[in-house]
Amino acid sequence: MIDIVLLIVRLLFIALLYLFLFAIMKTGIGLVRGQRKKERTWNLTVEKGPKELRGVSLVVRGPVIVGRSPGADIVIGAGYVSGRHARFELMGQNLFVEDLGSTNGTAVNGQRIFEPTALHNNDVVTVGDVAIKVRFS
């Protein structure tokens, strides 16, 4: 009889231990999700341009280079695009675009830029005939 009571106590102890560990994991995951929601994420999406580039989307975590060079993050294989044409860069929570001295220039919402320019949600950056939409979430 005492053996059955000890077995039941042990099983209850193990069940309580698993419930405790589950509660800790659930709380930890909730904290991590909460931190990610506060983070502002910038996305670049190619909306107009060559068929192979349309729909390409990437999250900006560091500098993003656009150009003809194979080392660029977004490669545009056209003669009117410089090897390193433009750069998107995070500065704090803000995203800036800068023309890197290209011959044909870079435009934001149809206006050619000559210095680093702060971007806003749904701005369109144009490099030649490629339109890149900027979004944050």
Side-chain angles (χ1 to χ4, degrees):
M1 180 69 179
I2 191 88
D3 291 336
I4 294 175
V5 172
L6 286 175
L7 178 64
I8 292 172
V9 170
R10 286 180 185 162
L11 291 174
L12 284 174
F13 177 73
I14 290 172
L16 288 173
L17 183 63
Y18 275 106
L19 285 173
F20 176 71
L21 292 175
F22 176 74
I24 289 175
M25 290 298 293
K26 188 175 177 184
T27 302
I29 290 170
L31 289 174
V32 171
R33 281 190 185 148
Q35 290 172 353
R36 287 186 184 156
K37 285 181 184 174
K38 294 176 188 172
E39 180 182 330
R40 198 157 127 170
T41 305
W42 289 95
N43 297 301
L44 304 177
T45 305
V46 178
E47 295 204 331
K48 179 184 163 206
K51 195 176 2 175
E52 61 273 5
L53 275 180
R54 268 183 262 144
V56 169
S57 183
L58 75 116
V59 176
V60 179
R61 300 244 184 257
V64 175
I65 303 294
V66 178
R68 192 176 62 232
S69 168
D73 298 301
I74 299 176
V75 178
I76 303 171
Y80 53 80
V81 176
S82 300
R84 290 173 48 89
H85 195 99
R87 174 178 49 224
F88 292 90
E89 190 156 7
L90 287 170
M91 292 183 193
Q93 290 292 315
N94 299 315
L95 182 65
F96 286 78
V97 65
E98 176 183 12
D99 185 78
L100 298 176
S102 66
T103 304
N104 296 315
T106 303
V108 175
N109 298 325
Q111 298 285 75
R112 189 166 176 179
I113 61 168
F114 298 97
E115 58 187 28
T117 303
L119 297 171
H120 303 95
N121 194 30
N122 294 320
D123 279 352
V124 176
V125 177
T126 308
V127 175
D129 66 349
V130 176
I132 302 169
K133 191 157 197 171
V134 178
R135 293 189 179 105
F136 66 88
S137 54

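The environment of CD1 in I4 is sparse: at most 12 heavy-atom neighbours from other residues, nucleotides or ligands sit within 6.0 Å. Counting non-hydrogen atoms of neighbouring residues, nucleotides and ligands closer than 6.0 angstrom, the CD atom of Q111 reaches no more than 12 such neighbours.
In the hydrophobic clustering of ILVMFWY residues, with side-chain heavy atoms under 4.5 Å counting as a link, L58 and V46 come out together. No single ILVMFWY cluster, assembled from side-chain heavy atoms under 4.5 Å apart, contains both I132 and L100. L53 and V127 fall within the same hydrophobic cluster, where Ile, Leu, Val, Met, Phe, Trp and Tyr residues are linked whenever their side-chain heavy atoms come under 4.5 Å apart, directly or through other members.
Under the side-chain contact (heavy atoms from CB on, under 4.5 Å) rule, V60 has a single partner from N43, T41, L44, which is L44.
Contacts classified as ring pair (Phe, Tyr, Trp, His ring centres under 6.0 Å) and involving residues 64-96 (residues at least two apart or in different chains) are not found. Sequence neighbours left out, the pairs with a member in residues 105-137 that pass ring pair (Phe, Tyr, Trp, His ring centres under 6.0 Å) are W42-F136.
Distance check: L19 CG to I14 CD1 gives 12.5 Å after rounding to the nearest 0.5 Å. Put simply, CG on L7 and CG on L11 are 4.5 Å apart, with the number rounded to the nearest 0.5 Å. Expressed to the nearest 0.5 Å, how far OG1 of T126 lies from CG of N104 amounts to 12.5 Å. Annotation: the span from I113 atom CD1 to L119 atom CG amounts to 7.5 Å, rounded to 0.5 Å. We find the CD-CZ distance between E47 and R54 to be 11.5 Å, quoted to the nearest 0.5 Å.
A107 approaches G110 most closely through the heavy-atom pair CB-C, 4.1 Å. Contact between S102 and R112 at its shortest, heavy atoms only, is O-NH2, 4.2 Å.
Residues satisfying the side chain to side chain donor-acceptor pair (under 3.5 Å) criterion with R84, sequence neighbours excluded, are absent altogether. With sequence neighbours excluded, the residues that form a side chain to side chain donor-acceptor pair (under 3.5 Å) with N109 are D123.
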In a table with atom names and distances, give each donor-acceptor pair under 3.5 Å that connects a side chain of residues 62-78 to protein atoms at least two apart or in another chain.
{"residue": "R68", "atom": "NH1", "partner": "G79", "partner atom": "O", "Å": "3.4"}
{"residue": "R68", "atom": "NH1", "partner": "V81", "partner atom": "O", "Å": "2.5"}
{"residue": "S69", "atom": "OG", "partner": "G71", "partner atom": "N", "Å": "3.2"}
{"residue": "D73", "atom": "OD2", "partner": "I65", "partner atom": "N", "Å": "2.8"}

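Residues R135 and N122 have side chains in contact (heavy-atom distance under 4.5 Å, counting atoms from C-beta outward).
Here I2 sits in one hydrophobic cluster together with L6; the rule is ILVMFWY side chains under 4.5 Å apart, joined directly or through other members.
S57 contributes no side-chain N or O that, together with a main-chain N or O of G55, makes up a donor-acceptor pair within less than 3.5 Å.
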